[in-house]
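Just so it is clear, the model here is predicted, and its values are computed rather than measured.
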Amino acid sequence: MSEEAEKIVAEARKKADSILEVAKKEAEKIVLETKTKEVSGEVRRERENAVRRIIRNLLINNVDEVLKGLTSVTEVDVRPIFEETEKIVNGHKNHDSIDKLPVLLNCPKCNTGFFLDSEIEEELVETEGPVVGSFACPNCNALSKYDFTEEKIVGSVGRDLPENTCLGFKAGELRKRIEELLTPLYNEVIKFGESKHSVIAIPLPDKCRIILRHVAKKKSDEEKWETELNVRLKAEINDANVCSIKGEISFQSKRDSKMGPITFNSPLKLETSHILPKGDLDTVAGSLANIFSELSKEATVHVLSLLEQAPLVLEWMRPLKRVMAFQPSEEFIPLVSELEEKIKERREKKEKEQLRI
């Protein structure tokens with residue numbers, strides 16, 4: 001083979017080797033990508049299954065397993081994040097429910113006890129951290145800042161009390177008088193363990209608004225039950241002394257039984273109208289106090305009467321009779337002995353029907 005021919009063959013072999021090398025690398029790349037895709041698909045399926053487990057535990061409220069699952073997927077300890085987020089979420093829930101679930105404060109300036117209410121909230125600071133609301137004291141008008149995440153007062157500012165009037169009287173004096181008159185009336189009508197109430201007077205153009213909040217609680221550690229009465233009534237009074245009242249009275253009873261904890265909850269919405277007598281401060285305040293007190297009494301009697309229809313009526317009646325007492329009245333519900341007799345009759349009737357079958 002001539003020298004020129006050998007040179008051509010050598011160049012051809014070099015090109016062939018180069019082509020083979022490129023082809024080999026491409027083949028190896030394709031194989032590697034295929035393997036990587038297979039691994040990624042397997043990892044993806046594992047992660048999808050992990051997410052399914054997280055969602056399942058989330059739906060059944062199994063928090064510990066949810067946190068374990070999130071930690072395994074993210075490789076980050078999520079419990080501190082969960083606890084911080086839960087506190088913020090609960091802070092918002094606590095704030096949004098102040099009209100239904102009572103929060104009682106003592107004013108840092110005058111020590112007056114009052115319930116947080118949407119009617120006296122002046123500012124809400126919503127951030128990713130604390131949920132803080134500012135509320136005016138019904139007695140001295142001081143502004144208290146309440147942290148709903150930590151459930152405590154975080155600051156207060158003293159302010160002058162405005163000289164506003166309600167129904168021709170100073171708003172502060174009318175509020176105080178209604179609050180004072182309600183104390184003996186509640187003691188006479190409802191004997192219900194620990195009882196707290198507060199009144200807010202809000203002057204408006206051509207009318208005024210009176211808000212009553214009342215909470216009463218009773219607990220027996222020996223018999224393992226607790227009860228709570230929560231009242232919120234809003235009265236709108238115009239210049240003609242027409243008083244329109246809307247509100248809700250909620251009664252809740254919890255008791256431990258052989259089957260586990262049992263809860264009875266009966267909210268009752270009210271809407272009524274009254275004509276207030278014209279007169280001095282005591283006359284008007286006394287009329288409003290009596291209306292508020294009677295509405296609480298009638299609603300409570302109504303709630304208790306519903307218990308006759310409950311399957312576990314005696315489970316509720318025994319503790320309730322100890323925490324509530326009214327002045328003798330024909331409207332008062334039957335005594336436990338009468339209910340026991342009724343239940344006995346129903347059981348005997350049911351047993352006879354089963355024997356016939």
Side-chain angles (χ1 to χ4, degrees), residues 99 102 104-107 109-121 135-142 159-192 194-216 229-249 270-301 326-327 329:
D99 287 350
L104 180 65
L105 295 188
N106 282 91
C107 175
K109 298 299 179 181
C110 68
N111 201 38
T112 297
F114 66 96
F115 292 96
L116 298 187
D117 196 280
S118 60
E119 295 285 348
I120 55 173
E121 185 174 27
F135 297 85
C137 172
N139 183 56
C140 71
N141 201 41
R159 303 185 300 183
D160 292 334
L161 188 65
E163 293 295 327
N164 294 326
T165 59
C166 281
L167 302 176
F169 309 106
K170 288 184 178 180
E173 293 179 1
L174 180 63
R175 184 203 70 79
K176 285 182 181 178
R177 192 60 185 136
I178 295 172
E179 207 170 67
E180 290 169 358
L181 292 170
L182 280 171
T183 300
L185 287 173
Y186 277 144
N187 289 340
E188 179 184 354
V189 174
I190 302 176
K191 298 175 182 177
F192 195 103
E194 180 187 0
S195 180
K196 302 285 185 182
H197 66 275
S198 69
V199 176
I200 306 168
I202 305 168
L204 299 168
D206 302 324
K207 62 181 179 180
C208 71
R209 182 176 296 155
I210 306 291
I211 309 292
L212 165 70
R213 299 293 299 273
H214 176 222
V215 173
L229 180 71
N230 182 21
V231 178
R232 183 180 188 269
L233 299 176
K234 179 191 289 188
E236 298 275 358
I237 308 165
N238 62 22
D239 290 342
N241 278 38
V242 177
C243 175
S244 301
I245 298 178
K246 292 183 179 180
E248 183 172 312
I249 295 180
L270 297 175
E271 187 169 351
T272 183
S273 182
H274 305 265
I275 303 295
L276 298 181
K278 294 182 179 180
D280 58 14
L281 178 66
D282 277 350
T283 301
V284 176
S287 179
L288 277 167
N290 276 301
I291 290 171
F292 286 150
S293 184
E294 285 301 311
L295 285 175
S296 298
K297 173 184 174 181
E298 291 172 12
T300 308
V301 171
F326 301 90
Q327 297 298 322
S329 169

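Atom CD in Glu180 sits 9.0 Å away from atom CG in Asp282 (nearest 0.5 Å). The NE2 atom of His274 lies 5.0 Å from the CG atom of Leu295; values are rounded to the nearest 0.5 Å. The line from SG of Cys208 to CG of Asn164 is 11.0 Å long, rounded to the nearest 0.5 Å. Of the inter-residue distances, the one linking Glu248 atom CD with Leu233 atom CG reads 10.5 Å to the nearest 0.5 angstrom.
Residues Lys278 and Asn241 come closest through the heavy atom pair CG-ND2, 3.5 Å. Scanning both residues, His214 and Lys196, for their nearest heavy atoms gives CD2-O, 3.1 Å. Annotation for Ala289 and Leu182: closest pair O-CD2, 3.3 Å, computed over non-hydrogen atoms. Shown here for Pro203 and Thr165, the closest heavy-atom pair between the two residues is CB-O, 3.5 Å. Pairing each heavy atom of Phe115 with each of Arg213, the nearest pair is CD1-CB, 3.5 Å. Heavy atoms only, all atoms of each residue included: Leu276 and Cys243 are closest at CG-CB, 4.0 Å.
Side-chain atoms of Arg175 come within 3.5 Å of backbone atoms of Pro138 as a donor-acceptor pair (strictly under, hydrogens ignored). Looking only at distances, no side-chain donor or acceptor of His197 sits under 3.5 Å from a matching main-chain atom of Leu212. Side-chain atoms of Asn141 come within 3.5 Å of backbone N or O of Asp160 as a donor-acceptor pair.
Ionic pairing of Lys176 and Glu173 is not present here: no N-O contact between side-chain nitrogen and carboxylate oxygen is shorter than 4.0 angstrom.
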**OP:** Would you sort out whether Asp280 and Thr283 count as a side chain to side chain donor-acceptor pair (under 3.5 Å), showing the intermediate values?
**Re:** CA-CA 5 Å; Asp280 58 14; Thr283 301; 2.7 Å; yes
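In summary, of the residues considered (Val284, Val199, Ile200, Leu281), a side-chain contact (heavy atoms from CB on, under 4.5 Å) with Ile178 occurs for Val199 alone. The only option from Asn106, Leu105, Asn139 that meets the side-chain contact (heavy atoms from CB on, under 4.5 Å) definition with Thr112 turns out to be Asn139.
Ile245 is listed as a side-chain neighbour of Ile291, based on a closest heavy-atom distance under 4.5 Å. The side-chain heavy atoms of Glu271 and Lys246, taken from C-beta on, include a pair separated by under 4.5 Å. Inter-residue side-chain proximity for Leu288 and Ile237 is flagged as met; some heavy-atom pair is nearer than 4.5 Å. A heavy-atom distance below 4.5 Å is found between the side chains of Asp117 and Asp99.
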